[in-house]
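Right, one structure below, let's go through it.
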Amino acid sequence: MHSFPPLQNDLLLRAARQEPTPRAPVWIMRQAGRYLPEYRAMRSEDAFFSLVRSPELAAEVTLQPLERFPLDAAIIFSDILVIPQAMGMTVEMVKGQGPVFTQPLDAPTDLARLQMPALQGALDYVFEALTLTRRRLAGRVPLIGFCGAPWTLMAYMVEGSGSKTFSHAKSWLYRHPEASHALLRDITDLLIEYLALQIDAGAQLVQVFDTWAGLLSPDSFDRFCLPYLVRLVDGVKARHPDVPVTVFARGAHHGLEALAESAYDVIGLDWTIDPREARRRVAGRAALQGNLDPCVLYASQETIRSAVRDMVQAFGPGGHIANLGHGMHPDHDPVHAGVFIEAVQE
Ligand code: CP3
């Protein structure tokens, strides 16, 4: 295993464990990205997945927002879609459209095209980027690793791109439940290994992004989302019991109690739920992360500060990691991201 310098700022890890902190730690989903001119400059030289596959460049992009802002965490620059790529699928990032799969999974017979690769090997570039970034951070703040949730990855693999309804992916759940479960099981097995290897490489907290959980009915969520989220965290905890794990199941409010019951340490919230209601329903069983509406960052600095004050108060002290309720938008003003971060820390 690697040895790294001790942490100088462990607010994130303490809040994740619901230990007392003098203030809420703060980081932002998509804190490295197109809203930063320094990121756009690198992107004009290289394709998205070339950046992701270069440990040196990925480390550099990861550290860009930390050069600008006094953030309490770094999140490794990568993408959830490296897992479908490792399984043999081709994904491109198309300007104005997002990710596009050249050959999505159309019918259950297509599952035969998928591989179960050894991730140590196939995704070494991610592990190397984590180790390199952790060294460069030199203990300044913790480093977050991540993956997509089983359902969200299946949604992209079947749909082939982003979509308002993901109706093709959802139709699999109703027409091909057995094949859906087989696919979700395979993805989950890979993700357990993936997160465990990210932790071995230097990640100090890992987050599972279930961006499309909210597309499912409560019943489908209970069948096709939740069991795999639970299996994933249990598998990671069996290997790394002391590393906090966060789940962000966007839009799946009905699942809050079930997620609180599970082994996840932190539950990420989108902006459509009141923090006080979430606190009441989670009842101390997990720390909470979130949840300012990203669009507040379009408002005046005064409005941002007052919205942050309200948010911090609504969560109350302890067990809160301040964040937006989803990622930065490409047209956000970096100055306003800075105001958000400072307002939390004041
Ligand atoms: O948060 C961070 O700073 C870490 C980096 C990160 C990226 N993607 C970089 C990225 C993380 C954590 C992700 C996760 C991810 N990727 C998710 C889950 C989180 C979420 O936002 O819901 C999803 C659904 C994806 C798949 C994906 N990758 C989409 C849908 C897109 C297109 C988005 C868009 O705005 O065009 C991406 C591309 C992507 N991933 C970019 C970045 C910085 C922008 C790509 C570019 O430079 O052109």
Side-chain angles (χ1 to χ4, degrees), residues 9-16 18-39 64-75 141-142 144 205 207 209 211 214 246-253 256 260 266-284 286-346:
N9 172 349
D10 64 352
L11 285 175
L12 176 83
L13 304 184
R14 277 156 55 200
Q18 300 196 70
E19 295 164 12
T21 52
R23 61 165 175 83
V26 55
W27 68 280
I28 311 183
M29 292 189 270
R30 290 276 166 92
Q31 63 189 26
R34 285 171 299 179
Y35 78 104
L36 290 177
E38 56 271 34
Y39 173 78
Q64 281 177 344
L66 285 104
E67 303 293 321
R68 264 184 193 258
F69 310 120
L71 288 155
D72 295 307
I75 178 163
V141 293
I144 302 172
L205 176 153
Q207 173 158 331
F209 285 92
T211 302
T246 300
V247 62
F248 174 61
R250 189 163 70 107
H253 301 172
L256 209 47
V266 184
I267 300 176
L269 303 173
D270 63 60
W271 66 91
T272 63
I273 186 162
D274 185 292
R276 292 183 182 85
E277 181 195 333
R279 282 286 205 204
R280 198 163 53 240
R281 290 171 52 194
V282 170
L288 297 178
Q289 175 172 280
N291 75 338
L292 195 75
D293 182 350
C295 290
V296 172
L297 296 195
Y298 293 118
S300 69
Q301 303 197 9
E302 246 177 271
T303 304
I304 298 170
R305 282 201 193 87
S306 119
V308 168
R309 263 194 304 275
D310 290 349
M311 171 186 78
V312 168
Q313 251 174 26
F315 277 101
H320 175 221
I321 299 164
N323 206 314
L324 301 179
H326 200 193
M328 290 295 293
H329 299 177
D331 62 348
H332 272 143
D333 180 346
V335 171
H336 285 203
V339 171
F340 168 74
I341 293 158
E342 275 169 31
V344 173
Q345 296 179 343
E346 262 159 22

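Since the model is a prediction, treat every value here as computed from it, not as a measurement. All heavy atoms count here, side chains included; hydrogens, waters and symmetry mates do not.
More than 12 heavy atoms of other shown residues, nucleotides or ligands fall within 6.0 angstrom of atom CD in Glu67.
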Next on the checklist: side-chain contact (heavy atoms from CB on, under 4.5 Å) for Arg279 and His320? Distances and angles first, verdict last.
Outcome noted: CA-CA 10 Å; Arg279 282 286 205 204; His320 175 221; 3.7 Å; yes
Item to check | Test log, rule side-chain contact (heavy atoms from CB on, under 4.5 Å), inputs Arg281 and Glu277 | outcome: CA-CA 6 Å; Arg281 290 171 52 194; Glu277 181 195 333; 2.8 Å; yes
Item to check | Verdict with reasoning, Asp10 to Val141, per side-chain contact (heavy atoms from CB on, under 4.5 Å) | outcome: CA-CA 7 Å; Asp10 64 352; Val141 293; over 6 Å; no
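Asn9 and Asp72 share a side-chain donor-acceptor pair at under 3.5 Å. In this model, no donor atom of one side chain and acceptor atom of the other lie less than 3.5 Å apart for Thr303 and Ser306.
In terms of the side chain to side chain contact (heavy atoms under 4.5 Å, CB included) criterion, residue partners of Ala314 (sequence neighbours excluded) are, by chain and number, Pro275, Arg276.
For Gly325 against Pro294, the heavy-atom pair with the smallest separation is N-CD, 4.3 Å. Contact between Ala307 and Val296 at its shortest, heavy atoms only, is CB-CG1, 3.8 Å. Contact between Leu71 and Trp27 at its shortest, heavy atoms only, is CD2-CA, 3.7 Å. Closest approach of Leu36 to Pro334, counting heavy atoms only: CD2-CB, 4.2 Å. Of all the heavy atoms in Leu11 and Pro22, the pair that sits closest is CD2-CD, 3.8 Å. Nearest heavy-atom pair across Gly284 and Gln18 is O-NE2, 3.0 Å.
Atoms CZ and CD, on Arg68 and Glu38 in that order, are 4.0 Å from each other to the nearest 0.5 Å. In this structure, Ile28 CD1 and His332 NE2 are separated by 9.0 Å, a value rounded to the nearest 0.5 Å. The structure places CG of Leu324 at 8.0 Å from CE of Met311, a figure rounded to the nearest 0.5 Å. In this structure, OH on Tyr39 lies 9.0 Å from CD on Gln64, to the nearest 0.5 angstrom. Rounding to the nearest 0.5 Å places CD of Gln31 at 7.0 Å from CD1 of Ile75. The distance from atom CZ of Arg30 to atom CG of Asn323, rounded to the nearest 0.5 Å, is 12.5 Å.
Between His329 and Tyr298, the ring planes are tilted. Angles from 30° to 60° get that label. Note on ring orientation: taking the six-membered ring where Trp is involved, the planes of Phe248 and Phe209 are perpendicular (angle over 60°, cut-offs 30° and 60°).
Tested against Gln289 for a side-chain contact (heavy atoms from CB on, under 4.5 Å), the candidates Leu269, Ile321, Val247, Ile267 yield a single pass: Ile321.
In this structure the side chain of Asn291 never reaches within 4.5 angstrom of the side chain of Asp270, judged on heavy atoms.
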